[in-house]
Amino acid sequence: MTVLRKNLIDGEWLGEAGSRNINPSNTNDVVGEYASAGPEQAKQAIAAAKAAFPAWSRSGPLARHAVLKKTSDEIMARKDEIGRSLAREEGKTLAEGVGETIRAAQLFDFFAGETLRLSGEMVPSVRPGVGVEMTREGVGVVGIITPWNFPIAIPAWKIAPALAYGNTIVFKPAELVPESAWTIVDILHRAGLPKGVLNLVMGKGSVVGQAMLDSPDVNAISFTGSVGTGKRVAAASVEHMRKFQLEMGGKNPLVVLDDADLGTAVDCAINGAYFSTGQRCTASSRLIVAEGIHDRFVDAMKERLDKLVIGDALDAKTQIGPVVDQTQLKQDEDYIAIGRQEGAELAFGGDRLERETPGFYLRPALFLGSTNAMRISREEIFGPVANVIRVKDYDEALSVANDTPFGLTSGICTTSLKHATHFKRNSEAGMVMVNLPTAGVDFHVPFGGRKGSSYGPREQGRYAMEFYTTVKTAYTFAG
Ligand code: NAD
């Protein structure tokens, strides 16, 4: 029997059954039932967060530290159970689910520490006898809107700093992954957050999310998701003169030069393009390969692709889980058809796979002979689909890598210090990897991109303070 998970509004669990969550590895498996908030509940949640802000923003560092540390400890202690539940609802593998859960625990731990490190500056005024203090304060009610592909890490990297710096929250997770969202809120609630400080409103983006965008009482919105929704968040936020931060799509390049170590390049490409079923904003979906290594690289990729174990996310042997749902599967297949129509050669995969249970299984696809002008090179597919673009040399590789509307991550595989150094400096991406996959980042350093991928201050690490606080300059004349 499934348990009904309710919304948390002003410290109370509320709501009737509104949606079900299906396991993408086995569509006969219902993960759970969830309340679905309407605009009224969204308004109540915003009002509760507004009422809770004055006291929470003035609470001392110890109160915030206690909640965040306790949350980190519980997530870490339950990493296997939570990681398994995440893999069941999203379709990433068990190892990825547990890894993501550990990362969430680390994020809460990091920001627990930050509560004790908050500092300001004091300078003499240009007027003798006057002192000037610069301090940081919480922004107010923060709306947190998250996507489905990192069901626990992305909520964690927004909720943890928001709370650490004294903000209150209305959290709206993606419809496909309510279980992970509910779990993290349940842990925080039991860790001792005062009522109204963190509110959970599960429900449709067009209803709950839109109510958040339309409310003058939401002082800041941190959004991760698609470019289309991000633009709506931006337009609505400008209308209300509120702070906003957007993390959106990617079409990340991985450059492979002739002097690359072939094993490293193939490891980076397989991991970056296909792990997490390619459903990562940091996925390397464009493989830009120099002509001297091209044929060897392609042969080695096909060999590795053939060995990948694609199956039920909950089977420990699985390396690539299913696509998240029917809609995403259709999008992946549509792009595979588009790639063929555009004249690229589908050299591997792209076909559906049957497994013991009904699920959204797709064999990872690799295109060859593609150009950077094709739609499969320019638009985010968000599935296990990558294309190889053949280039003459490093200069052409860099120019192709930068020729994209996105700029989240980029990578280069090379043994040349000169090219690695030049690429780090000249790649138009927020994060650059040398001999590493484009996906897979640390939790304690800034995360974010450029161009169409991101807008606003960075997330994670100490840089998160920029978004979740506002600066006050106070002058004192002591007489
Ligand atoms: P999405 O834009 O469809 O949804 C994201 C969130 O916005 C969901 O919670 C959704 O319910 C909500 N939403 C939808 N309509 C809304 C509206 N009118 N008002 C307010 N909220 C609304 O994105 P998705 O399909 O869940 O996620 C996939 C996308 O996320 C991909 O483009 C991926 O690249 C991106 N992503 C980016 C990063 C990053 O850090 N750059 C990380 C992960 C995912």
Side-chain angles (χ1 to χ4, degrees), residues 19 34 36-37 39 42 46 89-90 92 100 103 143-158 170-178 180-181 200-215 218 221-237 239-240 244-252 276-285 323-325 327-332 335 379-383 404-409 429-431 438-441 443 446-460 464 467:
S19 73
Y34 303 86
S36 189
I46 295 165
E89 78 170 345
E90 201 268 355
K92 61 180 65 177
E100 186 180 332
R103 182 166 168 200
I144 291 180
I145 303 178
T146 55
W148 50 262
N149 65 329
F150 283 93
I152 196 158
I154 292 180
W157 86 45
K158 294 180 190 293
V170 178
F171 168 35
K172 190 247 161 295
E175 293 93 309
L176 288 173
V177 290
S180 302
L200 172 68
V201 279
M202 297 177 284
K204 287 202 168 73
S206 56
V207 177
V208 178
Q210 194 62 44
M212 290 162 69
L213 302 195
D214 294 341
S215 171
V218 174
I221 291 192
S222 181
F223 168 84
T224 301
S226 61
V227 175
T229 315
K231 285 184 176 166
R232 296 176 80 113
V233 173
S237 297
E239 184 67 27
H240 289 288
F244 64 98
Q245 170 184 61
L246 311 174
E247 289 298 343
M248 301 170 289
K251 196 71 202 175
N252 310 293
S276 298
T277 322
Q279 299 170 152
R280 294 188 283 192
C281 49
T282 48
S284 28
S285 44
V323 171
V324 74
D325 72 350
T327 309
Q328 183 61 51
L329 182 62
K330 179 171 183 313
Q331 178 166 313
D332 297 347
Y335 271 108
E379 297 169 20
E380 185 182 51
I381 301 173
F382 219 54
T404 168
F406 296 105
L408 189 57
T409 58
M431 296 172 286
T438 56
V441 295
F443 66 88
F447 179 98
R450 298 182 182 181
K451 301 200 267 188
S453 290
S454 301
Y455 188 94
R458 289 287 187 262
E459 302 206 69
Q460 293 200 149
F467 181 72

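Both counts, for ligands and for their atoms, begin at 1 and track the order of listing. Fair warning: this is a prediction, and the values are worked out from it, not measured in the lab.
When the side chain to side chain donor-acceptor pair (under 3.5 Å) test is applied to Lys330, the partners found at least two apart in sequence or on another chain are Asp334.
Residue-level contacts of ligand 1 at the 4.0 Å heavy-atom threshold are Ile145, Thr146, Pro147, Trp148, Asn149, Ile154, Lys172, Pro173, Ala174, Glu175, Gly205, Gly209, Gln210, Leu213, Phe223, Thr224, Gly225, Ser226, Thr229, Arg232, Glu247, Met248, Gly249, Cys281, Glu380, Phe382, Leu408, Phe447.
Other residues, nucleotides and ligands contribute more than 12 heavy atoms inside 6.0 Å of the CZ atom of Phe443.
Thr404 and Lys251 share no side-chain donor-acceptor pair at under 3.5 Å.
The shortest side-chain heavy-atom distance between Phe150 and Thr224 does not fall under the 4.5 Å cut-off.
In this structure, Met212 CE and Ser237 OG are separated by 10.0 Å, a value rounded to the nearest 0.5 Å.
Ring geometry, Trp157 versus Phe447: the interplanar angle falls from 30° to 60°, so the pair is classed tilted.
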